[in-house]
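Working notes for the structure below.
For reference, positions follow the sequence shown, starting with 1.
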Amino acid sequence: MEKNRVRPFQKYSTEAHIYKAENSLEIRFSETKGFNSSYKIVLQETQNEDQTKNWVIEKIEEAPLPSENSFMEILHELEQSSYPVTIKVDEKGFFLNAVDHQKNIESWKQKTKDIHEKYTNAEVFRNKYLTAMEDENAFYTNKLKEPFWNLLLFAPSYVDNGEKNQEFITWNIKGIGSLECPGIIRAEQRSYGFDAFFTSKFIIPETIKEEINKKYIRHATQYIAELTLQLQYFSQKKQYAKKKADFILSDGNKIVYQETSSLT
């Protein structure tokens with residue numbers, strides 16, 4: 001069969017594209033802890049002369065943060081005020097760098113200048129957050145650990161020839177670090193474009209295992225990672241309409257980390 005190279009570079013035109021992002025996480029290394037989140041991601045893009053794209057990303061919470069304590073409320077407000085962010089991506093959706101970061105800092109300062117009127121000691125945390133923002137590389141390394149980025153920045157190209165093709169995705173494990181997941185991707189043609197399916201299963205490297213063992217009481221000889229993704233691509237709009245992922249870590253017998261994420 002003749003190979004047909006598919007390069008689904010997402011194209012969002014000048015209008016804002018809205019995704020609903022959902023994330024469910026259960027950590028079972030020691031005691032079981034669960035986390036759920038739901039919010040909207042608003043993306044607007046412009047094309048650069050070198051064929052890269054600038055994405056303006058806004059994150060809008062769909063439900064108010066549960067009031068656990070004032071410390072968490074302060075951090076949540078400081079974090080939310082750091083949006084929107086503008087980033088540059090290449091044709092596969094890989095993050096290249098931030099755009100106009102200093103402008104983002106000035107906007108954040110304006111949004112948070114009165115936070116001390118709402119919370120005691122808020123100015124201390126605001127100053128610490130500002131220091132973190134001023135280190136651009138470290139700030140965006142940390143920013144991209146939010147769950148929705150795993151899917152948003154994954155826009156693979158592959159050969160649509162009815163066969164399986166090699167691909168990889170970098171997946172951030174909450175509180176542990178980033179893991180490069182090699183796997184297989186295949187496509188199935190549809191009237192609207194195609195559906196893509198990615199699967200990956202492997203023993204995690206020693207560096208990630210050491211991070212887990214440092215943080216949790218439960219130690220294992222090895223951990224196995226399994227990642228499955230389903231993607232729906234609309235050729236006419238040149239957009240991924242849906243992305244869904246299931247990521248699992250197990251010690252060979254028991255699941256110790258399970259995460260489900262989606263963009264729809």
Give, for atom [atom1] of [X] and atom [atom2] of [Y], the distance between the pair rounded to the nearest 0.5 Å.
X	Y	atom1	atom2	result
Cys181	Phe198	SG	CZ	6.5 Å
Asn137	Asn97	CG	CG	9.5 Å
Asp100	Thr86	CG	OG1	6.0 Å
Lys215	Ile27	NZ	CD1	7.0 Å
Leu231	Lys242	CG	NZ	12.0 Å
Leu229	Leu227	CG	CG	4.5 Å

Test log, rule side chain to side chain donor-acceptor pair (under 3.5 Å), inputs Asn36 and Ser24: CA-CA 5 Å; Asn36 294 282; Ser24 176; 3.1 Å; yes

Set of salt bridge (charged side-chain N to carboxylate O under 4.0 Å, His left out) partners for [X], sequence neighbours left out:
X	result
Glu136	none
Glu123	Arg126
Lys118	Glu77

So do the side chains of [X] and [Y] get within less than 4.5 Å of each other, counting heavy atoms only?
X	Y	value
Tyr216	Val256	no
Lys20	Ser38	yes
Leu153	Trp55	yes
Ile255	Arg28	yes
Tyr223	Asn213	yes
Ile204	Ile173	no
Phe247	Leu179	yes
Trp171	Ser200	no

Quick check: closest heavy atoms across [X] and [Y], and the distance to 0.1 Å?
X	Y	result
Ala155	Lys243	N-NZ, 4.5 Å
Ala21	Leu263	CB-CD2, 3.6 Å
Phe168	Pro182	CB-CA, 3.9 Å
Ile115	Ala122	O-CB, 3.8 Å
Asp251	Ala220	CB-CB, 3.7 Å
Tyr19	Ala241	CE2-O, 3.8 Å

Please answer: with hydrophobic residues joined when any side-chain heavy atoms are less than 4.5 Å apart, are [X] and [Y] in the same cluster?
X	Y	answer
Tyr119	Met72	yes
Ile224	Ile176	no
Val99	Ile41	no
Ile74	Phe71	yes
Tyr233	Phe197	no

If you measure from the Lys or Arg side-chain nitrogens to the Asp or Glu carboxylate oxygens, is any gap between Lys103 and Glu106 under 4.0 Å?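 Not counted as a salt bridge, because no side-chain N and carboxylate O are separated by less than 4.0 Å.
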
Between Glu79 and Lys143, does any side-chain N to carboxylate O distance fall below 4.0 Å?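 Yes.
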
Please test Phe139 against Ile105 for side chain to side chain contact (heavy atoms under 4.5 Å, CB included), starting from the C-alpha separation and ending with a verdict. CA-CA 11 Å; Phe139 179 74; Ile105 290 176; over 6 Å; no

Ignoring hydrogens and angles, state whether a donor on the side chain of Gln230 or Asp195 is under 3.5 Å from an acceptor on the partner side chain.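 Not at all, the side chains of Gln230 and Asp195 share no donor-acceptor pair under 3.5 Å.
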
Can a side-chain donor-acceptor contact be found between Gln232 and Arg190 if the only test is distance below 3.5 angstrom?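 No, because no side-chain N or O of Arg190 sits under 3.5 Å from a partner of the opposite role on Gln232.
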
Is there a donor-acceptor pair under 3.5 Å between the side chain of [X] and the backbone N or O of [Y]?
X	Y	value
Asp50	Thr52	yes
Lys111	Tyr83	yes
Trp108	Leu130	no

With side chain to side chain contact (heavy atoms under 4.5 Å, CB included) as the criterion, how do Gln239 and His17 come out once you've worked through the C-alpha distance, each side chain's angles and the decisive distance to 0.1 Å? CA-CA 10 Å; Gln239 292 176 7; His17 184 87; 3.0 Å; yes

Side chain to side chain contact (heavy atoms under 4.5 Å, CB included) between Tyr129 and Ser81: does it pass, once the steps are laid out? CA-CA 11 Å; Tyr129 196 94; Ser81 298; over 6 Å; no

side-chain contact (heavy atoms from CB on, under 4.5 Å) partner of Ser178, chosen from Asn172, Thr141, Leu144: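 Per the side-chain contact (heavy atoms from CB on, under 4.5 Å) rule, the option paired with Ser178 is Asn172, out of Asn172, Thr141, Leu144.
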
Just wondering, more than 12 heavy atoms not from Lys209 lying within 6.0 Å of its NZ?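 Enclosed.
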
If you count heavy atoms of other groups shown closer than 6.0 angstrom to NZ of Lys59, is the number above 12?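 Atom NZ in Lys59 is crowded, with more than 12 foreign heavy atoms closer than 6.0 Å.
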
Answer with yes or no after comparing the ring centroid distance for Trp149 and Phe95 against a 6.0 Å cut-off, counting only values under it.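 Centroid separation for Trp149 and Phe95: 6.0 Å or greater.
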
Is there a side chain to side chain contact (heavy atoms under 4.5 Å, CB included) between Leu249 and Ile212? Walk through the geometry before answering. CA-CA 11 Å; Leu249 273 183; Ile212 293 173; 4.0 Å; yes

How are the rings of Phe194 and Tyr240 set relative to one another: parallel (under 30°), tilted (30 to 60°) or perpendicular (over 60°)?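 Perpendicular, since the angle between the ring planes exceeds 60°.
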
